[in-house]
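Shown next, in structure tokens, is the structure this report addresses.
Proteins come first, then strands; the chains are lettered A, B, ... in the order of their sequence lines, and each starts at number 1. Scope of the values below: all heavy atoms of this structure, side chains included, with no hydrogens, waters or symmetry mates.
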Amino acid sequence: MMTTAAPRTMPGLSRTARHRIRVAAITLVVLAAWEVLGRFGLVAGGALPAPSAILEAWWADWEEYPRHILATVGTAAAGFAIGNGVAIVIAIATQLVPAIDRLIRPLVVVLFCLPVVVAAPILGIAFDDPWPKIALAVLLVFFPTLIATQVGLRGAPGDAVSVVRSAGGGALRALFLVRLRAAVPEILSGLQISAPAAVLGAILGEFIGGRWGLGIYLVGSISSGNPAIIWAIGLTATALSAILYGVLGLVRLWYGSTEKLLTLDLPSTRRVAGSALRKALERVGWLIAGLAVLIGAWYAFIASTGLPVTLMNSPTEVFNTLVTSDRAPELRAELGEAFLSSLSPAVIGSAAGILFAFVLATLFATFPSIGASAMPFAFISQTVPLVALAPLIALAFGRGPATVVAVTVSVTFFPSLVTIMQGLAGAPSGPLDVLRSVNAGRFAVLSKVVVPNAVPHLLASVRLAVPRALTGVLIAEQLITGTGLGGLLSQARGYLDYRLMWAIAVVVAVFSLIVYGLAQLAEDGVLKRRR
Amino acid sequence: MTGIALDAVTRRYETAGGGVLALDGIDLELPEFSFTALIGASGCGKSTLLRLLGDLDAPTSGTVTVDGESPSRLRKQGRIGVAFQDPSLLPWRSVRRNIALTLEASGRRVDWARVDELISLVGLQGFERSKPAQLSGGMRQRVSIARALVLEPELLLLDEPFGALDELLRASMNLELQRIWLERPSTTVMVTHSISEAVFLADRIVVMGSRPGRVHEVVEVPFARPRDSALLSSPEFHELCDVVSSTLSAAITASGARDAAALDS
């Protein structure tokens with residue numbers, strides 16, 4: 001980053017010690033202010049309870065917690081193990097046989113884009129408890145680790161791979177002698193990011209039902225209307241995520257790798273030789289093959305459950321529901337209305353979240369001393385199971401549309417902040433030095449090098465925010481307002497209307513795929529012009 | 001036949017703005033156990049040529065043979081050794097295990113006695129257990145060369161192995177390389193930017209022109225081996241350096257490539 005302010009001398013204390021003292025002081029001030037605000041019910045008519053009240057609520061119910069925590073940890077651990085295992089194996093397979101990567105890409109993107117809320121009821125039908133919850137955790141864990149491992153395997157020192165190859169080694173030898181070991185830092189980062197994701201998946205899965213788990217506990221206590229109780233559960237879930245994130249962070253530190261910044265980019269496709277027409281045809285060919293794999297996976301999923309198509313709709317069943325059946329016109333109207341009503345909070349919320357993140361990240365980049373102290377918090381913010389904390393946000397924003405927007409802002413803001421900060425921090429040092437050597441001002445450095453360098457990150461954060469925003473909107477609607485697609489989904493579950501559930505899932509998945517694809521195209525366009 | 005034979009070799013790359021002809025109609029014959037230096041402006045395709053010999057890349061047209069066989073066959077049998085400008089050592093492996101890497105990669109049993117013998121050949125005794133991060137640049141490059149030699153390759157390919165070293169260190173590494181090469185002769189091709197390095201080490205210098213990459217002229221180097229540092233200050237040495245230098249200038253002028261761009265890899 002840019003220059004850091006020269007430290008003022010404070011005799012007898014190291015820099016880190018002073019930094020810690022400052023952080024502790026700020027934390028104490030914030031806690032004190034929070035206590036005052038809470039005690040006097042100054043925020044949203046008492047929606048924000050004082051820390052002491054939260055502690056009291058926690059203490060009053062402390063006997064309840066261990067079983068809920070254990071249940072959530074168990075589900076998260078199973079999802080973590082399965083999701084990461086599968087992700088790493090698939091990443092290795094795609095490294096050895098690049099065609100696999102292209103074939104499964106549509107499937108992988110759909111699994112990433114499919115908001116867990118719409119997947120949850122389907123998994124609830126497909127599997128017996130506790131597998132739906134574990135499956136949700138697997139879904140959330142899979143993508144980050146897959147991408148991290150792929151990036152790590154691909155990023156192995158190229159010359160070292162050449163040395164192995166020129167000595168007669170094949171792809172397998174290159175994998176075992178160089179790539180796997182070189183990818184360990186990325187794999188560890190993937191595992192670290194996926195630990196809170198597993199907790200989030202477990203909690204969202206527990207919203208479906210069951211007896212034990214922090215998710216079910218949280219949903220169950222919404223009706224109590226006691227903010228302190230809801231906060232106590234929410235903070236427990238947050239602490240659990242943060243602890244797991246921290247433990248894996250220690251493993252990474254012990255291994256000696258620094259914080260790897262993952263932008264969650266899908267590795268770019270190899271350039272193909274030949275005319276533009278041939279390239280286009282080849283691309284379309286791969287896309288068709290990939291879609292075939294996707295649909296095949298859909299049928300395989302149905303077959304694996306052994307359930308009838310009335311419960312487990314196939315693509316043709318969904319087509320019937322939406323297009324040819326008697327119900328179709330009425331259903332389409334209903335879906336369309338719900339979709340539009342969900343769309344505006346999703347758009348407003350994610351736009352506001354990303355914009356806010358961009359402004360704050362730019363501020364941090366302009367004033368590096370603030371940025372340096374904010375970076376750890378930005379990273380920790382990733383561990384907060386925000387989507388699951390919709391009930392907390394509802395306390396402050398009431399039961400109206402404002403809550404839906406607020407949830408969406410909160411779930412898009414923090415991840416975007418981290419991604420954009422990485423982009424701003426990653427400005428090339430050469431041009432920065434050049435500008436510094438001609439004594440360019442902060443604004444010039446920012447507008448000429450730092451911000452342009454972060455444009456791909458900004459676009460990536462849009463792409464990655466879409467599924468999160470939809471998940472946020474649907475959760476808020478389902479748990480709090482009962483409107484839009486989330487409300488419709490609740491209804492479908494209430495009436496055991498499986499066709500409607502599938503229709504909603506497909507509509508939402510297709511929509512987020514389209515937005516994801518558009519964002520990806522914009523990103524590719526920007527990156528291409530830079531080559 | 002023995003040695004290296006390139007017959008009408010071209011290599012074309014597809015890029016966003018159409019194709020780039022990296023190599024065009026390369027015809028070369030290099031005898032067995034010869035030492036050849038490839039020299040030319042950036043972007044003349046000399047590294048590409050080296051990669052073709054090592055089967056790390058394939059020609060678009062034309063044939064490459066080494067001792068009458070395809071480079072691919074040689075590579076798969078572990079009969080090629082390579083060293084790059086970047087020593088590209090594995091940071092998690094010790095010196096010994098880094099040298100053993102190519103043996104493992106070619107599927108042979110690691111003969112630790114031979115690894116240790118090579119360590120002393122390249123003058124790294126006492127550093128067997130060190131990690132790359134603890135070594136100087138010159139020492140890392142010695143490891144990289146030992147790693148290439150441990151296979152006892154028939155074909156040794158060196159891509160600016162001393163390009164990142166300072167002038168003095170480079171001169172002493174050149175002496176070392178000559179000593180090692182005389183002890184373990186193999187057909188060697190070395191890409192370099194340094195005219196004096198080329199003249200000091202090679203039997204013949206292939207001067208290349210760019211856009212498209214092609215052979216401009218081959219300069220023979222008559223000096224007997226072993227060559228010592230006294231040669232470096234002899235008039236004959238400087239005369240030959242001047243010849244190579246003007247040939248290189250002519251090649252560059254002919255290419256009109258003073259602005260020679262990328263594609264050095």
Inset, instruction - Grab the two heavy atoms, one from B:Arg140 and one from B:Ala133, that are nearest each other, plus how far apart they are. - result: NH2-O, 4.0 Å
Inset, instruction - Give a yes-or-no answer on whether the side chains of A:Ser189 and A:Glu186 include a donor-acceptor pair shorter than 3.5 Å. - result: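 There is no such pair (donor and acceptor under 3.5 Å, judged by atom type) between the side chains of A:Ser189 and A:Glu186.
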Inset, instruction - Mind ranking B:Leu74, B:Asn98, B:Leu90 by heavy-atom pairs under 4.5 Å with chain A and telling me who comes out on top? - result: B:Leu90
Legend entry - Salt-bridge present (B:Glu152, B:Arg184; N to O < 4.0 Å): yes
Go through the atoms of [X] and report whether side chain, backbone, both or neither lie under 4.5 Å from a heavy atom of chain A.
X: B:Arg147; value: side chain
X: B:Arg93; value: side chain
X: B:Leu151; value: side chain

Legend entry - Max heavy-atom pair count under 4.5 Å with chain B, selected residue of A:Ala174, A:Ser166, A:Ser162: A:Ser166
Inset, instruction - Please look at A:Ala182 and chain B and tell me whether the side chain, the backbone, both or neither of the residue comes under 4.5 angstrom of a heavy atom of that chain. - result: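 It is both, since atoms from each part get that close.
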Inset, instruction - Assess whether side chain to side chain contact (heavy atoms under 4.5 Å, CB included) is satisfied between A:Thr419 and A:Arg463, documenting all intermediate values. - result: CA-CA 11 Å; A:Thr419 311; A:Arg463 177 165 57 91; over 6 Å; no
Inset, instruction - Go through the steps for B:Thr60 and B:Thr10 under the test side chain to side chain donor-acceptor pair (under 3.5 Å), then give the verdict. - result: CA-CA 6 Å; B:Thr60 311; B:Thr10 60; 4.9 Å; no
